[in-house]
Each structure stands twice: as C-alpha cells, then as structure tokens.
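These values consider heavy atoms only, across backbone and side chains, with no hydrogens, waters or symmetry-generated copies.
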Amino acid sequence: MRIGLVDYDAGNLTSVETALRALDADYLVSSQPEALASCDRLIFPGVGDADSAMQVLKQRGLDQMLRDFAGSGKLILGICLGAQIILDSSEESATTCLGLIPGRAVRFPSDAGEKIPHMGWNRVEPVQPHPLFEQVPADASFYFVHSYYPVPENEQFVLSRTHYAGIDFASAIRRENTWAVQFHPEKSGRFGLSMLQSYLDCTD
Amino acid sequence: MLEKRVIVCLDVRDGRTTKGVRFEGNVDIGDPVEMARRYYEEGADELVFYDITASAEDRGIMIDVVRRVASQIFIPFSVGGGIADVSAMREVLLAGAEKISVNSQAVRNPSIIDEGARRFGQQCIVLGMDALRDPSMPSGYRVVIQGGRTHTELDARAWALEAVERGVGEIVLNSIDADGTRDGYELQLTRMISEAVTVPVVASGGAGVPAHVSEVFADGRADAALVASMVHYGDYTVSDIKAEMHAQSIPVRRRW
C-alpha cells in the first residue's frame with residue numbers, strides 16, 4: 001500500500017509527512033502527476049489560499065491527475081484546504097476548484113461574535129458510520145485552523161459536523177472514494193494519528 | 001464548541017530551554033525536545049518555542065530543535081525569535097512548525113507580516129506583542145521590543161489592529177508588567193485587545209496557579225493562555241490546569 005502525498009507548495013506537507021513516517025507508512029512525496037497516479041491512495045493536504053493553490057495545481061497538471069485518480073476508484077483523503085478545493089468552488093477564490101464533491105467553501109460569518117480563523121481544538125460529531133472514525137472515541141477533539149468551511153450540496157456527503165460561530169458545519173465529507181477532513185489529523189495527537197492509521201488500513 | 005487552549009512556552013537558548021524573570025537572569029531548565037514530549041503527553045494543546053539566541057549563526061541549532069520536536073510531537077507548535085524575512089519563515093515551516101511568530105522584526109519592518117501572510121497564509125503568521133502599561137498612550141499600553149528593553153512609539157491596541165489588517169492570524173499578547181511575577185495575567189490588557197481584534201488572542205505573562213488561567217479565559221476573554229514557569233518547575237502539570245478549567249466550566253480538551 002503506497003500513499004502519495006501531493007506536493008503543491010501549500011503548507012502543511014511536512015506535518016503530514018512526519019505523521020506518516022511515525023506510522024511507518026510506505027509513502028511518496030511528489031509534485032509529478034505520473035508518480036502520484038501510480039500510488040494506491042493519495043493524501044491531498046494544504047493550508048493557505050484557494051486561489052494560489054489552484055494555480056499551482058494547474059501549472060503542475062495536478063488538477064487533472066486528481067480528477068483522474070478520483071475517477072479510477074482509488075481513495076483520496078483531502079486535509080484542510082484540500083477539503084475545500086475538492087469542491088466546485090470557494091468564496092475565497094474566483095477560480096473554479098476541482099469539483100470532486102459537489103459544493104462550495106464558504107467564509108465564517110464575521111458578525112457571529114467569534115474569532116476568525118476558527119483556530120484550536122473542537123469536537124467532531126460523526127453523522128454516519130465511516131472507517132475514518134472507527135478508532136476514534138466519541139469525545140475526542142481535533143485541531144482546526146481555517147476561515148472557510150465546506151458546504152457540500154447534498155447532506156449524504158456529510159460525514160461529521162462541528163459547531164462554530166453559530167454553524168454546524170461539515171467537518172468531514174465524502175463522495176464515493178473521495179474523502180476529506182477540514183481539521184488536521186496530523187496535528188491532533190494520538191486520535192488524529194489513529195484516524196490516519198485507519199485511512200492506511202481500511203479495505204475500501 | 002471550540003475549546004480554550006493551554007499553550008506551553010519554551011524559551012530556547014543555544015538549544016536548551018531557559019527561563020528568566022522579565023527576560024533577565026536566564027537559567028538552563030532542560031532539553032526542549034524532552035520537555036515538549038512531556039507536555040504533549042500531559043495534554044498541552046499547543047507549544048511555542050522562542051529562540052532567544054536569535055543570532056544568525058545559531059539559527060541552525062534552533063532548526064534542529066524544530067525538526068526533532070516535529071518528528072515526535074503531533075500537536076501544533078509555533079516558533080519565534082529573530083525571524084526577519086520570508087526565507088527564514090520558510091526554513092522554520094519546512095522544519096515542521098505550523099506557525100511563525102514575529103515581534104520586534106514586525107515593528108521594525110511591518111511589511112514582513114503582509115509578505116508572510118501572502119506567501120504562507122494568514123494562519124501561519126502570529127504577532128508576538130510585548131505591552132507595557134503607560135497611561136500616556138491612547139489605549140493605556142505601549143508596545144515595547146527586545147523583551148521590554150526598547151520602547152516604541154506604537155500604541156498596543158493600534159498596533160494589534162494594524163497587524164490584523166496586514167494579515168496576522170493570531171496575536172500572542174505578553175504583558176511586560178506581569179511577566180515572571182506569577183501574580184496572574186493582566187486581565188484588563190488581555191480583554192481590551194481580545195475585544196478589539198477579530199483574530200484569536202493568546203494571553204501571556206504572569207500565570208502562577210491554575211486559577212489564573214481560568215481567570216484569563218473568563219474575565220480576560222482570551223482564546224488561549226500561555227504558561228511557562230508554573231509547569232516548568234513541577235509546581236503544576238498541564239492536566240492540573242485543565243482540571244481547574246473544567247471545574248470552572250471553561251470548555252477544554254480533556255481527552256488526549
């Protein structure tokens with residue numbers, strides 16, 4: 001089982017790589033579409049801004065690779081910004097995003113009396129059973145840092161919800177073999193590592 | 001509900017953790033990587049490392065500490081001290097830190113905030129701000145740099161607002177008056193800045209007992225609290241602080 005870690009100069013690559021190394025995973029960090037396409041599963045991380053992320057993905061031909069990979073039926077796990085740019089669009093950016101899951105990313109309201117970004121540990125309430133949550137206790141918290149959140153078009157794409165700024169936003173989403181989490185499992189202590197381990201181990 | 005964060009702060013000099021009162025009289029209190037590991041296991045929500053050597057030739061030692069911490073600590077951590085340009089930021093982030101804290105460097109050259117936020121994202125750039133009580137300033141607090149040794153002409157609230165405008169994603173607010181006293185955080189300062197800005201504010205300086213931490217959340221409206229001496233010398237553990245917060249009905253991560 002070889003995991004491809006998509007390198008597009010978008011932030012938290014080192015953290016995810018470090019977590020994979022701690023889990024003794026067989027992984028490859030690459031920005032080459034062909035190398036990544038040959039992997040069994042992908043992790044698509046990212047922090048920062050949707051617009052510049054999409055530009056780099058396009059320049060490197062990674063946008064099409066990700067669409068083809070999703071179409072092939074192999075698993076993709078998006079993390080943080082990765083969970084937003086797999087949607088159709090983001091309020092943050094005029095650019096079209098990848099469209100792997102129908103929906104868009106929306107900014108937290110500035111008038112809810114809460115700080116933006118949503119930064120820190122928060123609860124993740126699963127709304128349907130899923131392999132990612134199998135090894136995680138119900139009262140575990142995960143680390144978030146983001147100003148936009150995913151709004152998938154269909155309720156059936158929602159795996160978990162998290163409460164912030166008056167909104168129960170979708171903190172984990174999936175459509176078929178494309179999964180994504182808005183929080184950072186690689187920075188969420190041992191329960192975050194358990195979740196990544198579940199992604200490596202699951203038989204989907 | 002978002003939980004209030006307990007952040008452990010380690011001042012690192014020549015690769016060793018040190019602690020002094022009001023930035024003076026530093027003593028060696030241990031290996032930063034071992035200490036980081038212990039706080040991670042005790043339930044710290046985040047860690048902060050300040051490189052107080054901060055000279056160019058010793059940068060490599062700090063980068064090595066960052067790398068070692070990143071390889072065994074799976075919670076977020078930030079690094080500050082002498083980071084003056086985008087390439088230094090990049091080096092620290094690539095070594096495994098989540099966030100970069102800029103303080104004196106941002107006062108001298110505020111555009112470093114804009115450049116850092118544009119390059120790495122707003123969430124990566126933290127403003128470290130040292131404030132000193134001064135009734136002659138509009139907000140009642142003056143921004144000082146170099147650990148309080150040098151006064152600036154900046155008003156604390158105005159500088160916080162400018163830094164947010166330029167793109168910081170968080171402010172670590174250190175009270176020079178309270179720092180090292182163990183008499184409690186400066187609540188008035190913390191509340192004023194936290195209510196003025198839209199980004200999270202981390203209170204720093206003055207914590208001596210767990211009740212001080214609860215206080216800065218309840219009365220100081222902080223989003224996170226920095227602790228150092230109260231956990232470094234074995235008086236309290238991070239778990240003690242969290243138990244006290246929970247007893248005061250402050251939302252806190254209790255399972256790790």
Please report the shortest heavy-atom distance between [X] and [Y], naming the atom on each side.
{"X": "A/T18", "Y": "B/A70", "answer": "CG2-O, 2.9 Å"}
{"X": "B/L161", "Y": "B/A196", "answer": "CD2-O, 3.3 Å"}
{"X": "B/G43", "Y": "B/W256", "answer": "CA-CE2, 3.2 Å"}

Take a 6.0 Å sphere around [atom1] of [X] and say whether it holds more than 12 heavy atoms from other residues, nucleotides or ligands.
{"X": "A/E91", "atom1": "CD", "value": "yes"}
{"X": "A/Q128", "atom1": "CD", "value": "yes"}
{"X": "A/R107", "atom1": "CZ", "value": "yes"}
{"X": "A/D24", "atom1": "CG", "value": "no"}

_Contact leader toward chain A among B/K4, B/E98, B/R253, B/R254, where contacts are heavy-atom pairs under 4.5 Å_ = B/R253

Which members of [range], sorted by number, sit under 4.5 angstrom from chain B on a heavy-atom basis?
{"range": "residues 145-165 of chain A", "result": "A/V145, A/S147, A/H163, A/Y164"}
{"range": "residues 51-62 of chain A", "result": "none"}
{"range": "residues 182-199 of chain A", "result": "A/E186, A/K187, A/S188, A/G189, A/R190, A/F191, A/L193"}
{"range": "residues 115-123 of chain A", "result": "A/K115, A/I116, A/P117, A/H118, A/M119, A/G120, A/W121, A/N122, A/R123"}

Should [X] and [Y] count as an ion pair when the cut-off is N to O under 4.0 Å?
{"X": "B/R119", "Y": "B/E115", "answer": "no"}
{"X": "B/R5", "Y": "B/E170", "answer": "yes"}
{"X": "B/R166", "Y": "B/E162", "answer": "yes"}
{"X": "A/R67", "Y": "A/D63", "answer": "yes"}
{"X": "B/R118", "Y": "A/D49", "answer": "no"}

[X] side, atom [atom1]; [Y] side, atom [atom2] - distance, nearest 0.5 Å:
{"X": "B/R68", "Y": "B/I73", "atom1": "CZ", "atom2": "CD1", "answer": "11.0 Å"}
{"X": "A/S30", "Y": "A/E34", "atom1": "OG", "atom2": "CD", "answer": "8.5 Å"}
{"X": "A/I79", "Y": "A/F44", "atom1": "CD1", "atom2": "CZ", "answer": "10.5 Å"}

Relative to chain A, which segment of [X] carries a heavy atom at a distance below 4.5 Å: side chain, backbone, both, or neither?
{"X": "B/V252", "result": "neither"}
{"X": "B/R255", "result": "both"}
{"X": "B/D223", "result": "side chain"}
{"X": "B/A95", "result": "backbone"}

*Using non-hydrogen atoms only, which part of A/A140 is less than 4.5 Å away from chain B: side chain, backbone, both, or neither?*
neither

_Proximal component of A/D139, with respect to chain B [non-hydrogen, under 4.5 Å]_ =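 Contact with chain B is through both the backbone and side chain of A/D139.
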
*For A/S31 and A/D7, test the side chains for any donor-to-acceptor distance below 3.5 angstrom and give the result as yes or no.*
no

*Taking atom types as modelled and ignoring hydrogens, do the side chains of B/Q72 and B/Y40 form a donor-acceptor contact shorter than 3.5 angstrom?*
no

*asked:* Using modelled atom types and a 3.5 Å cut-off, is there a donor and acceptor pairing between side-chain atoms of A/D40 and backbone atoms of A/R2?
replied: yes

*asked:* With a 3.5 Å distance limit and no angle check, can you tell me whether B/D155 reaches the backbone of B/S139 through a side-chain donor-acceptor pair?
replied: yes

*Using a 4.5 Å cut-off on heavy atoms from C-beta on, say whether the side chain of B/I63 contacts that of B/V92.*
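SC-SC contact between B/V92 and B/I63 confirmed.
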
